[in-house]
Structure formats: C-alpha cells, structure tokens
Amino acid sequence: MTLQPRCEDVETAEGVALTVTGVAQVKIMTEKELLAVACEQFLGKNVQDIKNVVLQTLEGHLRSILGTLTVEQIYQDRDQFAKLVREVAAPDVGRMGIEILSFTIKDVYDKVDYLSSLGKTQTAVVQRDADIGVAEAERDAGIREAECKKEMLDVKFLADTKIADSKRAFELQKSAFSEEVNIKMAEAQLAYELQGAREQQKIRQEEIEIEVVQRKKQIAVEAQEILRTDKELIATVRRPAEAEAHRIQQIAEGEKVKQVLLAQAEAEKIRKIGEAEAAVIEAMGKAEAERMKLKAEAYQKYGDSAKMALVLESLPQIAARIAAPLTKVDEIVVLSGDNSKVTSEVNRLLAELPASVHALTGVDLSKIPLIKKATGVQV
C-alpha cells in the first residue's frame, strides 16, 4: 500500500510552522505470528480502513518528530529526517502486523517564506563564494598570464638583443670593409692626382723656361727702348724743363725776397703804431692820475662838502640803475579809495631816503646843511 502522510502547520523546535508531505510504502507482514496480529487488528476492515489507520499512525509520529527538529535539520537533511520517522514509527505499526518498506519526505514548505529566506541566504553565500572563486581564478589567471607574458617578453628581448648584436657586428664589419675600400680608393686617387701634379709641374717648368727666355728678350728690347726714350726726353723735355725750372726758381726767389721785405716793413709799421699808442695811453694815464690826485686833494681840502657833492653826482646814476626795470613797464595805475594814502606813502618813501643813502654810500644826509637847488626844492 502507498500512503502519503501530510502534516500542516506543524511547529518545529524553533516555533516555525512547516507543512511536510511524505510517501510511505507499507505491507502486511507474512510471518505467521505477525500475520495473525494483523488479522486480529484488521479483520473485517477493507483496504481503505487499513490505510487510514496506518496513515494516522505515521502522521502522528511525523508530527512528533517535527517538533524536536529545527527547520535547517528538516530541510537540509531529508534522508536523515525520513530515517528517523521510519525508525520511530516502525515498532508501532509492526505491532499491528504492518511493515514499513520505505519512507521519504516528498515536500517541505511554509507560509511565512522562511525556507525561501534560507535559500536566499544560502544562494547569497554560494554566489559570494562563487564570486570569490571567480575573482581568485581570474587573479590566478592574470598572474599566470603576466608570468607567461613576462617569459614571452624575456624570450623576445633576448632574441631582439641577439638580432641587434648580429646587426651591430654586421654593420661594424661592413663599416670596416667600406673604410678599407675607401682608403684604397683614396690612395689610388691621391696617387693619380700626384702623378698628374708631377706632369703639370713638368709642363709648367717648361712653360716658365720659355717665359724666361721670352722675358729676357723683351727686357733687352725694353732696355733699348728706354735708352732711346731717355735720349729723346733729354732732348725734348729735360733740357727745356731745366731751363723753365731755373727761370721759375729765379722768379720764386725774387718773390720770396719781396715778401720778406714787405713783411719787415709791415712789422716795422706795426711796431711804430704800437709805440705811438703806448705813448698816448701812457700820457692819458698820467693825466688821469694827475686828475685823480687833484680831485683827492680837493676832497681832502673841502671834506664833507666834497663827499656830499660826489654823492649828489652819483644819485642820478643810482636812481637810473634802480629805475631801469621800470623802463620796460608801459603804464602804472595806482588804485585807491576815498581815503587815499598815496601822498602819505610818498612822504614815507622820502623820509626813508636818507637812511637808504647812508646804507649805500655811508653818508648821513641828516647831518649835512640844507641845500637849495635852482628849482627851490630843499634837500
């Protein structure tokens, strides 16, 4: 008989409600004693009634075992869970003459997504481990790839180095061969040029000898021509030139004597004029000295009166020098109000005049008697 025990919303040891469905294969035992027990238990009942009795027994044991396990134990190790149910239920159903041939867990689920959460957690762990594994694999692969690439580059660099060494040796050998060839070519070219130079030197030596002979002949001809020309010049140029030079020399000497005489006469003239001017200056100096001497004697004789006269003679010149800048002024306009002070200013200036004269000449006009001029103005 095939039975499908089912326990709904059974709480586990952690209090999580699970629904578990199993499949059990049972049969009536054939041993005489166990068969007699089965007959005693189920005599007069049909197959469905027997199934119900066994099914309820299995469901009872299944429910009791669920309460002792965690969700992880039930979900992750179903075989162990089924084995435990079979071992616990087998004695009870055996006393009814029923043998459990097999018992497996068909399905386990819950209504609160607890199992799905476990699955997600496990999935995340697996995904994490997978990612870590992939990363480690990629890392190892990258390291291995880098090592392989390094080995490849080392081999390539070694090969390139050998190629470069071979090429450098080839170029050096080629340069050595080229240098040797160039040296030989240069030696041959130099020998050719030296031989050509020797030939040219011989030709030039012959040409020089020919030119020397020609030059000697030309010199002899030119010497004869010079003698002829010299004689011709003596006859046609030199003799007339000597005569003309003698004539010019005589004229020049006469002109020189003339100029010397004129210069001596001019110097004598200047000397005489200078002596005359010096005499005149000397006479004028003596006269001026005499005049000054007489004036000094007169000043000494007359005393302050002479000094006064000298001052009065100098005042017009002093006034002219002081007023000289005013000659450049076109017009002077004096502005004043009703209470004009022009007269008082003029009087003040006249009153200060003796002090100014005393400062300029040292003569005190206040101590000299008043002099009446022809105009009637008193000083």
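As the structure is a computational prediction, the values presented were derived from the model and not from experiment.
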For a quick test of your reading: what N or O donor-acceptor pairs under 3.5 Å do the side chains of residues 185-198 make, sequence neighbours left out?
unit_1 : atom_1 : unit_2 : atom_2 : d
Gln189 : NE2    : Glu193 : OE2    : 3.2
Gln195 : OE1    : Arg198 : NH1    : 3.4
Gln195 : NE2    : Glu199 : OE2    : 3.2

Got [X] and [Y] here, is their nearest side-chain heavy-atom distance under 4.5 Å?
{"X": "Val20", "Y": "Asp107", "result": "no"}
{"X": "Thr19", "Y": "Asp9", "result": "yes"}
{"X": "Val26", "Y": "Leu3", "result": "yes"}

Pairs under 3.5 angstrom only: tabulate donor-acceptor contacts from the side chains of residues 169-176 to other protein residues two or more places apart or in another chain.
unit_1 : atom_1 : unit_2 : atom_2 : d
Ser175 : OG     : Glu171 : O      : 2.8

Go through it in stages, so that I can follow the logic: the residues are Glu253 and Lys256, the test is salt bridge (Lys or Arg N to Asp or Glu O under 4.0 Å), and I'd like the CA-CA distance, side-chain angles, deciding distance and then a yes or no.
CA-CA 5 Å; Glu253 289 179 355; Lys256 181 179 71 173; over 6 Å; no
Under the salt bridge (charged side-chain N to carboxylate O under 4.0 Å, His left out) test, which residues partner [X], sequence neighbours left out?
{"X": "Glu147", "answer": "Arg144"}
{"X": "Lys27", "answer": "Glu99"}
{"X": "Glu282", "answer": "Lys286"}
{"X": "Lys150", "answer": "Asp154"}

Only pairs under 3.5 Å count here: list side-chain donor-acceptor contacts from residues 50-65, not counting sequence neighbours, and write none if there are none.
unit_1 : atom_1 : unit_2 : atom_2 : d
Asn52  : OD1    : Gln48  : NE2    : 3.3
Asn52  : ND2    : Gln48  : O      : 3.3
Thr57  : OG1    : Val53  : O      : 2.9
Glu59  : OE2    : Arg6   : N      : 3.1
His61  : NE2    : Asp92  : OD2    : 2.3
Ser64  : OG     : Gly60  : O      : 3.4
Ser64  : OG     : His61  : O      : 2.7

Around Glu180, counting heavy atoms of other residues, nucleotides and ligands shown, do more than 12 lie under 6.0 Å from its CD?
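At most 12 heavy atoms, drawn from other residues, nucleotides or ligands, come within 6.0 Å of this atom.
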Just wondering, are more than 12 heavy atoms of other shown residues or ligands nearer than 6.0 Å to CE in Met152?
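Yes, CE of Met152 has more than 12 neighbouring heavy atoms, counting only those of other groups under 6.0 Å.
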When the side chains of residues 209-222 are checked against the rest of the protein, which donor-acceptor pairs come out under 3.5 Å, sequence neighbours left out?
unit_1 : atom_1 : unit_2 : atom_2 : d
Arg215 : NH1    : Gln218 : OE1    : 3.4
Gln218 : NE2    : Glu222 : OE2    : 3.1

Using links of under 4.5 Å between side-chain heavy atoms of ILVMFWY residues, direct or through other members, which residues join Leu34 in one cluster?
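Noted: Leu34 shares its cluster with Met29.
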Just how far is it from atom NZ of Lys167 to atom CG of Asp160, taken to the nearest 0.5 Å?
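One finds 9.5 Å between NZ of Lys167 and CG of Asp160.
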Could you tell me the separation between the SG atom of Cys148 and the CG atom of Leu153, rounded to the nearest 0.5 Å?
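Atom-to-atom, Cys148:SG and Leu153:CG are 11.0 Å apart.
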Could you walk me through whether Glu255 and Gln259 pass the side chain to side chain donor-acceptor pair (under 3.5 Å) check?
CA-CA 6 Å; Glu255 185 67 25; Gln259 293 295 330; 3.1 Å; yes
May I ask whether [X] and [Y] are part of the same hydrophobic cluster, defined by side-chain heavy atoms of I, L, V, M, F, W, Y residues being less than 4.5 angstrom apart, directly or through others?
{"X": "Met1", "Y": "Val23", "result": "no"}
{"X": "Leu101", "Y": "Ile28", "result": "no"}
{"X": "Leu84", "Y": "Ile105", "result": "yes"}
{"X": "Ile98", "Y": "Val47", "result": "yes"}

Side chain to side chain donor-acceptor pair (under 3.5 Å): pairs with one or both residues in residues 28-43, sequence neighbours excluded
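Every pair satisfying side chain to side chain donor-acceptor pair (under 3.5 Å) with a residue in residues 28-43: there are none.
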Criterion salt bridge (Lys or Arg N to Asp or Glu O under 4.0 Å) on Lys83 and Asp79, from CA distance to verdict
CA-CA 6 Å; Lys83 180 180 178 182; Asp79 292 338; over 6 Å; no
Tell me the closest heavy-atom pair linking [X] and [Y], and the distance in Å.
{"X": "Phe103", "Y": "Arg86", "answer": "O-NH1, 3.2 Å"}
{"X": "Pro5", "Y": "Ala24", "answer": "CD-N, 4.3 Å"}
{"X": "Val37", "Y": "Arg95", "answer": "CG1-O, 2.9 Å"}

Residue pair Arg204, Gln201: steps toward the side-chain contact (heavy atoms from CB on, under 4.5 Å) verdict:
CA-CA 5 Å; Arg204 182 58 182 164; Gln201 187 176 5; 5.6 Å; no
I'd like to know if Arg228 and Glu225 make a salt bridge, using a cut-off of under 4.0 Å between side-chain N and carboxylate O.
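Answer for the salt bridge query: yes.
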Identify, with sequence neighbours excluded, every residue that meets side-chain contact (heavy atoms from CB on, under 4.5 Å) alongside Gln200.
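Partners of Gln200 by the side-chain contact (heavy atoms from CB on, under 4.5 Å) criterion come out as none, since no residue qualifies.
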List, one per line, each side-chain donor-acceptor pair under 3.5 Å for residues 260-279, sequence neighbours excluded.
unit_1 : atom_1 : unit_2 : atom_2 : d
Glu268 : OE1    : Arg271 : NE     : 3.3
Glu268 : OE1    : Arg271 : NH2    : 3.2
Glu268 : OE2    : Arg271 : NH2    : 2.2
Arg271 : NH1    : Glu275 : OE2    : 2.6

